[in-house]
Amino acid sequence: MTQVDTAPSNFIRNIIDSDLQSGKHQVIHTRFPPEPNGYLHIGHAKSICLNFGLAEDYPNALCNLRFDDTNPVKEDADYVAAIEKDVRWLGFKWAGDIHYSSDYFEQLYDFAVELIKKDKAYVCALDAQQTREYRGSLMTAGKDSPFRNRPTSESLDLFARMRAGEFAEGSMMLRAKIDMASPNMKMRDPVLYRIRFAHHHQTGDKWCIYPMYDFTHCISDALEGITHSLCTLEFEDHRPLYDWVLANISIACKPRQIEFSRLNLQYTLTSKRKLHALIEEEIISAWDDPRMPTISGMRRRGYPAAAIREFCKRIGVTKQENTVELASLEACVRENLEAHGPRAMAVLDPVKVIISNYDENKTEKLIAAVHPKDESMGTRTVTFSREIFIDRADFREEANKKYKRLVLGKEVRLRNAYVIKADQVIKDDAGEITEIHCSYDPETLGNNPTDGRKVKGVIHWVSAVENQAAEFRIYEPLFMVENPAGAENIHEVLNQNALVVKHGFVESGLSDAPAEKAYQFEREGYFCADNKDSSPERLVFNRTVALRDSWGG
RNA sequence: UGGGAUAUCGCCAAGCGGUAAGGCACCGGGUUUUGAUCUCGGCAUUCAGAGGUUCAAAUCCUCUUAUCCCAGCCA
């Protein structure tokens with residue numbers, strides 16, 4: 001029997017299971033909290049699949065989509081739209097409306113006032129430089145700010161005036177009063193609010209003070225009734241602060257923060273800041289460049305959402321630092337496309353073949369399966385004619401027995417058509433092959449030669465009289481080193497061949513190939529029409545991933 | 001030399017005191033009008049290291065080692 005493919009267990013599911021069993025929670029509630037300061041990438045996909053996956057698997061569970069938008073100078077409404085689209089495309093549904101941390105600015109402000117009144121927070125006028133000095137170092141304790149013990153009434157007044165816009169950016173800030181000698185740097189009177197006279201994409205110019213992440217995130221979680229707040233390892237040190245804030249304000253909900261390790265992928269950058277830089281330096285064209293590890297880049301490249309979900313399932317969730325091999329992601333993509341991609345023939349590097357014993361004025365409509373193993377996908381017709389194109393790599397004037405393609409004087413099977421034999425080669429002055437003259441065996445359509453001749457090789461082809469010209473974009477990893485994030489100079493490790501453009505032909509049936517729809521161009525790989533540059537007048541195909549190649553030649 | 005974390009096959013990763021799952025990769029055999037797919041088989045006497053507890057340890061205890069994170073008014 002087919003096993004229902006349940007998500008593999010992981011330490012977070014174990015925690016949830018015991019929380020449910022102990023009665024701590026009846027239902028669980030997670031959230032995916034991106035900051036709208038860039039596009040989502042494969043690393044975010046891991047978090048999305050985790051958080052939304054939990055909500056799908058546990059009874060009545062929910063997952064919110066919340067934009068963590070507390071830093072207006074880095075954020076933009078365009079990113080909000082792109083993120084929303086990517087999450088939906090990945091196949092997930094968030095609970096209710098989209099949330100924004102900025103929805104809670106008023107409540108956040110009130111909680112800040114509460115902390116001040118409890119003498120748990122104070123307005124500090126140290127500048128950035130001084131703040132850093134007072135914080136101390138990893139080895140040495142920090143010093144108390146001279147403003148630390150100002151009366152709460154004074155802080156209350158100052159905080160109100162910060163909000164009113166009376167002070168310049170950087171001149172004042174609200175800080176939690178915790179412990180400047182804490183061995184955990186995050187607990188050394190962390191900044192709660194800073195002044196920013198910046199237009200916010202959601203709240204406009206209503207505010208000139210903005211809450212910091214550590215103050216905002218835990219409260220937003222609590223206000224939304226989040227039970228399990230999942231984040232990456234670098235926030236482990238923030239957890240005491242997360243708990244401190246919720247312990248010191250009047251709020252009942254106490255979500256539990258659990259950290260897991262972020263995904264690192266060979267040959268790729270998974271840092272929004274660094275991806276931003278690639279765009280600014282025009283190394284790639286945009287966030288959705290098919291060479292990008294962004295959700296939109298992978299979509300444009302042809303990666304199915306289901307393949308990305310499967311990948312996230314396979315890599316698991318742990319606290320171990322990890323770097324996943326690219327082959328693992330590609331295996332998921334191939335597995336999906338192998339099953340779902342209609343087959344077609346495309347010649348990427350064409351050379352003309354003339355079948356001398358085939359009638360000059362004749363063409364035939366040959367029937368070919370859309371998928372060799374899935375009859376439900378039907379058949380298609382491909383036009384055969386006296387002149388066809390094959391790939392240059394599929395012909396050699398001489399070759400050893402390992403070469404299973406067309407060789408001068410030998411036979412090869414044309415996929416879905418006849419067996420042909422290469423009789424003669426025509427070259428130009430430069431020695432470049434311009435034509436290969438062949439003869440075909442009319443008895444070999446749909447069956448092997450009756451005289452027992454063994455024809456090993458099969459090559460693909462496209463009619464030279466009925467076809468569609470097409471551009472093919474062949475992609476490779478953007479970087480030549482496994483860990484580009486560790487490179488001292490990113491320019492030195494850039495793969496100059498990350499994009500190679502070829503021009504050739506596809507079956508005429510592909511003239512209306514919809515963008516992003518995956519095809520397998522037999523013996524070449526999986527391709528889809530580009531969602532920006534392809535049109536019926538000018539077909540442009542992106543190679544999603546090559547076929548597995550155990551030959552290597 | 002402060003604090004927080006992590007160490008199971010090349011890469012991920014189960015395992016939670018009873019004698020090392022699985023996936024990817026790799027290496028063979030078979031099928032094949034895609035050098036694809038599919039299929040069959042191989043792939044950790046060992047769990048960072050050293051001690052200890054136990055009839056029994058990857059799992060418990062000690063110490064050691066390695067790696068990652070933290071000194072933004074970023075998230």
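To find a chain, count down the sequence lines: A is the first, B the second, and so on, and within it residues start at 1. FYI, side chains are in, hydrogens and waters are out, and symmetry mates aren't considered; it's all heavy atoms of this structure.
Applying the 4.0 Å criterion to OP1 and OP2 of rC74(B), one finds that Arg273(A) has every side-chain N and O outside that range. Taking only side-chain nitrogens and oxygens, Ser550(A) comes nearer than 4.0 Å to OP1 or OP2 of rA36(B). Between Gln320(A) and rA13(B), a side-chain N or O to OP1/OP2 separation shorter than 4.0 Å is present. A close approach under 4.0 Å does not occur between any side-chain nitrogen or oxygen of Ser9(A) and OP1 or OP2 of rA13(B). In this structure, Arg262(A) does not reach the rA5(B) phosphate: none of its side-chain N or O atoms is under 4.0 Å from OP1 or OP2. Contact annotation: Arg194(A) reaches the phosphate of rC74(B) (side-chain N/O to OP1 or OP2, under 4.0 Å). Taking side-chain N and O atoms only, Arg196(A) has a distance below 4.0 Å to OP1 or OP2 of rC74(B). Close to rG4(B), at under 4.0 Å from its OP1 or OP2, lies no side-chain N or O of Arg239(A). For Arg343(A), no side-chain nitrogen or oxygen approaches OP1 or OP2 of rU37(B) to under 4.0 Å.
Comparing the same atom, C1', in rG17(B) and in rC61(B) gives a spacing of 13 Å after rounding to whole Å. Going from the C1' atom of rU8(B) to that of rC27(B) covers 23 Å, rounded to whole Å. Of the C1' atoms belonging to rA75(B) and rC70(B), the separation is 15 Å, rounded to the nearest Å. Separating the P atom of rA66(B) from that of rC74(B) is a span of 36 Å, rounded to the nearest Å. Comparing rG15(B) with rC60(B), their P atoms are spaced 13 Å from each other, to the whole Å. For rA50(B) and rU59(B), the P atoms lie 12 Å apart once the distance is rounded to whole Å. Taking atom P in both rG51(B) and rA58(B), the straight-line distance is 14 Å, to the nearest Å. Using P as the reference atom, rG10(B) and rG49(B) are 13 Å apart when rounded to the nearest Å.
Contacts of Leu138(A) with the nucleic acid, taken as non-hydrogen atoms under 4.0 Å apart, include base atoms. The residue Asn14(A) sits close to a base: some heavy atom pair falls under 4.0 Å. No contact: Val412(A) has no heavy atom under 4.0 Å from any strand. Counting any heavy atom pair closer than 4.0 Å across all strands shown, Asn416(A) reaches a base atom. Note on Thr70(A): only backbone sugar-phosphate atoms sit closer than 4.0 angstrom, heavy atoms only; bases stay farther off. In this structure, Arg523(A) reaches the bases: a heavy-atom distance under 4.0 Å links it to at least one base atom across the strands shown. Base engagement by Pro372(A) is indicated by at least one non-hydrogen atom pair under 4.0 Å involving a base atom. Among the protein residues, Gln520(A) comes within range of the nucleic acid bases, having at least one heavy atom under 4.0 Å from a base atom. Within the nucleic acid shown, Ala417(A) comes within 4.0 Å of at least one base atom, counting heavy atoms only. Residue-level contact check: Ala128(A) touches the bases, meaning some heavy atom is under 4.0 Å from a base atom. If you check every strand for non-hydrogen atoms under 4.0 Å, Arg135(A) touches sugar and phosphate atoms only. Residue Gly446(A) is classed as a base contact, given a heavy-atom separation below 4.0 Å to a base. Using a 4.0 Å heavy-atom distance criterion, Thr318(A) is classed as a sugar-phosphate-only contact. Residue-level contact check: Lys402(A) touches the bases, meaning some heavy atom is under 4.0 Å from a base atom.
Look at NE2 on His201(A): it is 11 Å from P on rA75(B), rounded to the nearest Å. One atom, CD of Glu236(A), and another, P of rC69(B), lie 12 Å apart when rounded to the nearest Å. In this structure, CE of Met185(A) is placed 7 Å from P of rG72(B), rounded to the nearest angstrom. For His238(A) and rC74(B), the NE2 to P distance is 13 Å, given to the nearest whole Å. Distance, Phe311(A) CZ to rA13(B) C1': 13 Å, rounded to whole Å. Between the C1' atom of rG3(B) and the CH2 atom of Trp244(A) lies a distance of 19 Å, rounded to the nearest Å. Taking atom NZ of Lys274(A) as the reference point, atom P of rC74(B) lies 20 Å away to the nearest angstrom. Distance, Ile258(A) CD1 to rU6(B) P: 13 Å, rounded to whole Å.
Distance from the side chain of Glu234(A) is smallest to rC69(B) among rC69(B), rC73(B), rA36(B). Here the side chain of Asn10(A) is nearest to one of rC74(B), rG10(B), rA14(B), namely rA14(B). When distances are taken from the side chain of Met212(A) to each of rG35(B), rU6(B), rG72(B), the shortest belongs to rG72(B).
Looking at Arg161(A), its side chain never comes within 3.5 Å of a backbone N or O of Glu166(A) through a donor-acceptor pair. Under the 3.5 Å distance criterion, the side-chain polar atoms of Asp189(A) are matched with a main-chain donor or acceptor of Ile178(A). In this structure a side-chain-to-backbone donor-acceptor pair under 3.5 Å is missing from Arg175(A) to Val123(A). A donor-acceptor contact shorter than 3.5 Å links the side chain of Arg380(A) to the backbone of Ala369(A).
Both Tyr213(A) and Met139(A) sit near RNA chain B, but only Met139(A) has its closest nucleotide nearer the 5' end. Between Asp69(A) and Leu414(A), the one whose closest nucleotide on RNA chain B sits nearer the 5' end is Leu414(A).
Put simply, the side chain of Lys319(A) and the base of rU6(B) share no donor and acceptor less than 3.5 Å apart. For rG35(B), the base has no donor-acceptor partner in the side chain of Arg548(A) [N/O atoms by modelled type, under 3.5 angstrom]. Below the 3.5 angstrom threshold, one finds a donor paired with an acceptor across the side chain of Asp237(A) and the base of rG3(B).
Shown here, rG15(B) is classed anti by the O4'-C1'-N9-C4 or O4'-C1'-N1-C2 angle, which is more than 90° from 0.
A stacking contact links Trp551(A) to rG35(B): the aromatic ring centre lies within less than 5.5 Å of the base's six-membered ring centre, and the planes differ by less than 30°.
In this structure, the ring of Phe215(A) has its center less than 6.0 angstrom from the ring center of Tyr193(A). Taking the six-membered ring for Trp and the full ring otherwise, the centers of Tyr242(A) and Phe235(A) sit at least 6.0 Å from each other.
Dense packing is recorded around NZ of Lys177(A), with more than 12 heavy atoms of other residues, nucleotides or ligands lying under 6.0 Å away.
Look at rC26(B): its Watson-Crick or wobble partner, with both distances under 3.5 angstrom, is rG42(B). Of the nucleotides present, rC70(B) is the one that pairs with rG2(B) by Watson-Crick or G-U wobble criteria, both distances under 3.5 Å. In this structure rA7(B) sits in a base pair with rU65(B), meeting the Watson-Crick or G-U test at under 3.5 Å.
Ring geometry for Tyr39(A) against Trp287(A) counts as parallel: the plane angle stays under 30°, on a 0 to 90° scale with 60° as the upper cut. Note: Phe159(A) and Tyr109(A) have parallel aromatic rings, judged against thresholds of 30 and 60 degrees for the angle between ring planes.
Under the side chain to side chain contact (heavy atoms under 4.5 Å, CB included) rule, Ile226(A) has a single partner from Thr30(A), Asn64(A), Asn51(A), which is Asn64(A).
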